[in-house]
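Just the heavy atoms: all of them, side chains too, but no hydrogens, waters or symmetry mates, feed the values below. Atoms within a ligand are numbered from 1 in the order they appear, just like the ligands themselves.
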Amino acid sequence: MKTVYGVIGDPIEHSLSPVMHNAAFRHLGMDCVYYAFRVTLEDVRDAILGAKALGFGGLNVTIPLKERALEIVNADPIAEEIGAINTIDFKDGIIGYNTDGIGAKRALKKHNISVKDKRVLLLGAGGAARAIAFQLAHDGAGLIIVNRTAPRAVKLAQDVRGVGDAIGTDMGDLATLVKKVDILINSTSVGMHPDVDKTLVTADMMHPDLVVFDIVYNPIETCLLKEARKAGALTIDGVNMLVHQGAESFRIWTGREAPVKVMEDAVRCALKR
Ligand code: ATR
């Protein structure tokens with residue numbers, strides 16, 4: 001009998017996780033299938049307990065359920081620290097993980113970027129930013145967290161300071177800050193389809209030694225990445241993060257190394273369609 005996996009969230013119809021994980025299962029000849037399920041905040045507990053009762057292999061959890069879902073599962077220490085989960089494994093109870101941080105780390109590593117002792121400007125202080133911030137702090141980066149709503153950036157920096165070096169501020173001085181850093185990461189939704197002409201940072205604010213990583217993957221080349229290319233900076237697109245967080249979920253569920261290239265090809269192909 002097939003083992004069922006899935007992603008829960010709302011909205012969910014544009015999720016690329018089914019394409020990505022089903023490509024991996026097919027490639028490895030595993031008798032498994034992955035679906036997307038629209039689940040509202042109000043139903044998240046029933047959905048998770050129901051999936052466990054029905055014998056699901058595991059779940060991904062996405063917007064807006066990541067924080068609420070944490071309260072329902074036994075969370076591993078990293079997810080607990082971040083305050084949100086994106087992965088649930090049912091093998092041994094209901095265990096919650098957050099693979100977003102490791103996804104960002106591996107996306108950078110694939111491009112031979114180490115964050116140790118680097119100055120990193122992180123745009124955003126939402127759920128994705130929290131996961132990335134803790135990972136980068138654990139890995140020895142010095143963080144400047146910049147957010148439209150400044151108190152969220154200040155709070156995240158405070159939380160992260162238990163682990164590493166971080167300050168939080170508003171967007172007022174963005175041009176000066178970008179000049180001072182080695183790596184710029186956009187973890188806001190700015191530039192995401194349909195607002196494809198929006199970016200918080202333009203080429204004139206950047207320098208050629210900068211690495212610019214955008215976690216937005218739709219479109220693949222965001223306005224921020226176009227600007228970075230103009231400035232001669234190294235660019236890393238959001239498909240990298242999507243694939244590597246998914247690969248880590250896959251490893252947690254199945255105990256097997258994920259076929260990362262197959263997953264990436266499936267996602268890029270779906271995005272071009
Ligand atoms: P996610 O879980 O994907 O990170 P989120 O928690 O809703 O989603 O966070 C979205 C992030 O994008 C926030 O940092 C948000 O800034 P605010 O905290 O000020 O809301 C940021 N963001 C969204 N739209 C933005 C915009 N137009 N300009 C600047 N930042 C924006």
Do Asn86 and Asn60 have side-chain N/O donor and acceptor atoms under 3.5 Å apart?
no

Looking at Asp197, I want to see if its CG is surrounded by more than 12 non-hydrogen atoms of other residues, nucleotides or ligands under 6.0 Å.
no

Please list all pairs passing the side-chain hydrogen bond (donor to acceptor under 3.5 Å, both in side chains) test where one or both residues lie in residues 112-128, with sequence neighbours left out.
Arg119-Asp182

Pairs of donor and acceptor atoms involving the side chains of residues 234-243, under 3.5 Å and at least two apart or interchain, shall be tabulated with distances.
unit_1, atom_1, unit_2, atom_2, d
Asp237, OD1, Val239, N, 3.0
Asp237, OD1, Asn240, ND2, 3.2
Asp237, OD1, Arg268, NH2, 3.1
Asp237, OD2, Arg268, NH1, 3.0
Asp237, OD2, Arg268, NH2, 3.2
Asn240, OD1, Lys110, NZ, 2.7
Asn240, ND2, Asp237, O, 3.0

For Asn98 and Ala84, which heavy atoms make the closest approach, and how far apart are they?
ND2-O, 2.9 Å

Side chain to side chain donor-acceptor pair (under 3.5 Å) involving His138 - partner list, sequence neighbours excluded
Glu81

Expected rows: ligand 1 N/O, protein N/O, dist below 3.5 Å:
unit_1, atom_1, unit_2, atom_2, d
ligand 1, 2 (O), Gly127, N, 3.4
ligand 1, 4 (O), Gly127, N, 3.1
ligand 1, 4 (O), Ala128, N, 3.0
ligand 1, 6 (O), Gly127, N, 3.1
ligand 1, 14 (O), Ala125, N, 3.0
ligand 1, 14 (O), Asn147, OD1, 2.7
ligand 1, 16 (O), Asn147, OD1, 3.3
ligand 1, 18 (O), Asn147, ND2, 2.8
ligand 1, 18 (O), Arg152, NH1, 2.7
ligand 1, 19 (O), Arg148, NE, 3.0
ligand 1, 19 (O), Thr149, N, 3.0
ligand 1, 19 (O), Thr149, OG1, 2.4
ligand 1, 20 (O), Arg148, NH2, 2.8
ligand 1, 27 (N), Arg148, NH1, 3.4

